[in-house]
Amino acid sequence: MSNAADLARFANDGLSGTVLQVVNTTWNSANQTINGTTFTEVTNLTTSITPSFTGSKILIQSNIDFGNAYNGAEWYDWKLYRDSTSNLVAGAATYFNVQYGGPIGPHMLFNTLDSNTTTAGVSRSYKVYAAANANSSGSLSINWSHSQGSTSSMTLMEIAQ
């Protein structure tokens, strides 16, 4: 069921937009530290999905818990890639202000539809990279306080078109 006729049947049956499969990666162990302005992969969140149908889309939802012990304002840049760093799916920047020192735990959220259609049976991997903005200092700690239940995750959903 991975050809154009099957997809047409989905559309004709009113099943376009149906979630065909869900893959989730959850990371709730010790943190990863990212230093400097060079983009670094958030290693424990890379998630792969093998589409069932050619032409479906992939909905990516990620929730990344992070913090920094620097006393002051911080900017971090984030990028979401498909398969390699030449396939940018989304990018964002986060800003937070730490007062009185100590870690803080905001979240970086991606909730985006990969507009590039799939090929049935061909696996896709999604990964997040982060870097400090040129005006920031200190280091970024992903899952900054795992002992207090800090958890990051990525969920991929194949959506029929």
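Y81 pairs in a ring-ring contact (aromatic ring centres under 6.0 Å, His included) with only one of the listed residues (Y126, F110, Y129), which is Y129.
Rounded to the nearest 0.5 Å, atoms CG (L20) and CE (M157) are 12.0 Å apart. Expressed to the nearest 0.5 Å, how far CD1 of I159 lies from CD1 of I58 amounts to 8.0 Å.
For N44, the side chain to side chain contact (heavy atoms under 4.5 Å, CB included) partners at least two apart in sequence or on another chain are W27. By the side chain to side chain contact (heavy atoms under 4.5 Å, CB included) test, S125 pairs with T46, S48, D83, sequence neighbours left out. For T50, the side chain to side chain contact (heavy atoms under 4.5 Å, CB included) criterion is met by S123, not counting sequence neighbours. Every residue meeting the side chain to side chain contact (heavy atoms under 4.5 Å, CB included) condition with S84, not counting sequence neighbours, appears here in chain and number order: S86, N87. Every side chain to side chain donor-acceptor pair (under 3.5 Å) that T26 has, sequence neighbours left out, goes to N24.
Applying the salt bridge (charged side-chain N to carboxylate O under 4.0 Å, His left out) test to every pair with at least one member in residues 108-124, sequence neighbours left out, gives these pairs: R82-D114, D114-R124.
In the hydrophobic clustering of this structure, L59 does not group with L80; members are Ile, Leu, Val, Met, Phe, Trp, Tyr whose side-chain heavy atoms approach within less than 4.5 Å, directly or through other members. One hydrophobic cluster, built from ILVMFWY side chains closer than 4.5 Å, holds both L156 and W78.
Of all non-hydrogen atoms in T151 and N143, the two that sit nearest each other are C-OD1, 3.6 Å. Of all heavy-atom pairs spanning T117 and K57, the tightest one is CG2-NZ, 3.2 Å. Here the closest heavy-atom approach between residue A130 and residue I34 is recorded as O-CG2, 3.6 Å.
Of the possible polar contacts, one joining the E158 side chain to the S52 backbone as a donor-acceptor pair under 3.5 Å is found.
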